[in-house]
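Keep in mind that the numbers below use all heavy atoms, side chains included, and drop hydrogens, waters and symmetry copies. Quick caveat, the model's predicted, so the values are computed rather than measured.
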Amino acid sequence: RVDLVESGGGSAESGGSLKLTCVASGYHLKSYAMAWFRQVSGKEREGVAIVVPSGTVLYGDFVEGRFTIARDDATDTTYLQMNNLKPEDAATYYCAAGRNVSPYAGLTVPGNMDYWGKGVLVTVSS
């Protein structure tokens, strides 16, 4: 059993920053792609960022250089640094792990990911 636990969600002002953290337990995930997704009620879950074991990263088009994903395999932790937040970034953010997925396949098809956290809420005030 793999558990992914997110933290770091909360409120920020437009232009502000937040850092999300995802800690995995139950298995070492160094061979997994790690990703962040987000979802707004009534909309489909969309990929925010993914980092595969080789270190290759891919971001959703809407990120536009504002977010950075990083992984620390020694501690099974994945981070998402979000800068220059916009009101449209408000959503529930989920951490996910996927085995044998390419960056594009993992980021664009949430169903390709194997494990999910419960999510953290991010709100951004204008």
Side-chain angles (χ1 to χ4, degrees):
R1 176 190 168 102
V2 174
D3 288 318
L4 301 176
V5 179
E6 305 97 336
S7 62
S11 299
E13 293 185 351
S14 182
S17 299
L18 285 173
K19 186 174 183 178
L20 305 183
T21 299
C22 171
V23 179
S25 62
Y27 195 78
H28 292 298
L29 297 181
K30 63 180 181 180
S31 62
Y32 281 69
M34 299 300 300
W36 290 94
F37 292 79
R38 71 184 188 183
Q39 189 169 22
V40 176
S41 179
K43 294 189 177 182
E44 292 186 354
R45 191 167 296 189
E46 64 177 348
V48 177
I50 189 168
V51 55
V52 297
S54 68
T56 300
V57 299
L58 185 65
Y59 295 94
D61 291 341
F62 58 87
V63 170
E64 299 176 326
R66 300 179 296 126
F67 300 173
T68 302
I69 188 171
R71 62 189 295 162
D72 182 348
D73 290 337
T75 61
D76 290 317
T77 303
T78 305
Y79 304 96
L80 183 69
Q81 176 68 47
M82 303 188 293
N83 298 326
N84 192 20
L85 284 162
K86 303 176 181 180
E88 53 263 42
D89 293 319
T92 299
Y93 283 71
Y94 298 89
C95 176
R99 187 175 178 88
N100 295 327
V101 293
S102 69
Y104 184 81
L107 193 66
T108 59
V109 183
N112 286 331
M113 305 303 284
D114 299 304
Y115 302 106
W116 292 87
K118 294 182 179 180
V120 289
L121 183 65
V122 170
T123 60
V124 183
S125 59
S126 58

Report yes if some heavy atom in the side chain of Val122 is under 4.5 Å from a heavy atom in the side chain of Met82; otherwise report no. yes
I need the minimum non-hydrogen distance between Val23 and Thr77, along with the two atoms involved. CG2-OG1, 4.0 Å
Minimum heavy-atom separation for Val40 and Ala90, please, with both atom names. CG2-O, 3.4 Å
Could you give me the CA-CA distance, side-chain angles and deciding distance for Thr92 and Val120, then say whether side-chain contact (heavy atoms from CB on, under 4.5 Å) is met? CA-CA 5 Å; Thr92 299; Val120 289; 6.0 Å; no
Around atom CD of Glu88, are there more than 12 heavy atoms from other residues, nucleotides or ligands closer than 6.0 Å? yes
Can you list every pair that meets salt bridge (Lys or Arg N to Asp or Glu O under 4.0 Å) and has a residue in residues 73-83, with sequence neighbours left out? Arg71-Asp73
To the closest 0.5 Å, what do you measure between OH (Tyr115) and SG (Cys95)? 13.0 Å
Do other residues, nucleotides or ligands put more than 12 heavy atoms under 6.0 Å from Lys118 NZ? no
Could you tell me if Ser126 and Ser14 have a donor-acceptor pair between their side chains, going purely by distance under 3.5 Å? no
CG of Leu58 to CD1 of Ile50: how many Å apart, nearest 0.5 Å? 7.5 Å
Out of curiosity, Leu80 CG to Tyr59 OH, how far, rounded to the nearest 0.5 Å? 7.5 Å
Keeping the roles fixed (side chain from Asn112, backbone from Ala105), state whether a donor-acceptor pair exists under 3.5 Å. yes
For the atom pair OG1 (Thr123) and CG (Asp89), what is the distance rounded to the nearest 0.5 Å? 11.5 Å
Answer yes or no: is there a side-chain heavy-atom contact under 4.5 Å between Val2 and Tyr32? no
Within this structure, what is the CG-OH distance for the pair Leu18 and Tyr93, rounded to the nearest 0.5 Å? 9.0 Å
Going by the rule side-chain contact (heavy atoms from CB on, under 4.5 Å), which residues pair with Ser17 if we only count those two or more places apart in sequence or in a different chain? Gln81, Asn83
Is the closest side-chain heavy-atom distance between Val109 and Tyr104 below 4.5 Å? no
Do other residues, nucleotides or ligands put more than 12 heavy atoms under 6.0 Å from the CZ atom of Phe62? yes
Check whether NZ of the Lys or CZ of the Arg Arg45 lies under 6.0 Å from the centre of the six-membered ring of Tyr94 and within 45 degrees of that ring's axis. yes
Answer yes or no for Lys19 and Tyr79: cation-pi contact, defined as NZ/CZ to six-membered ring centre under 6.0 Å and angle to ring axis within 45°. yes
Do Ile69 and Leu20 share a hydrophobic cluster, counting only Ile, Leu, Val, Met, Phe, Trp and Tyr and linking them when any side-chain heavy atoms are less than 4.5 Å apart? yes
Is there side-chain contact between Leu29 and Met34, with heavy atoms separated by less than 4.5 Å? yes
Are Arg99 and Met113 close enough that some pair of their side-chain heavy atoms sits under 4.5 Å apart? no
Do Glu6 side-chain atoms and Gly119 backbone N/O form a donor-acceptor pair below 3.5 Å? yes
Over all heavy atoms of both residues, which pair between Val48 and Leu107 is shortest? Give the atoms and the distance, please. N-CD1, 3.7 Å
For the pair Glu44 and Arg38, evaluate salt bridge (Lys or Arg N to Asp or Glu O under 4.0 Å) and give the outcome as yes or no after the intermediate values. CA-CA 9 Å; Glu44 292 186 354; Arg38 71 184 188 183; over 6 Å; no
Measuring centre to centre across the rings, with the benzene-like ring taken for any Trp, is Phe37 within less than 6.0 Å of Trp116? yes
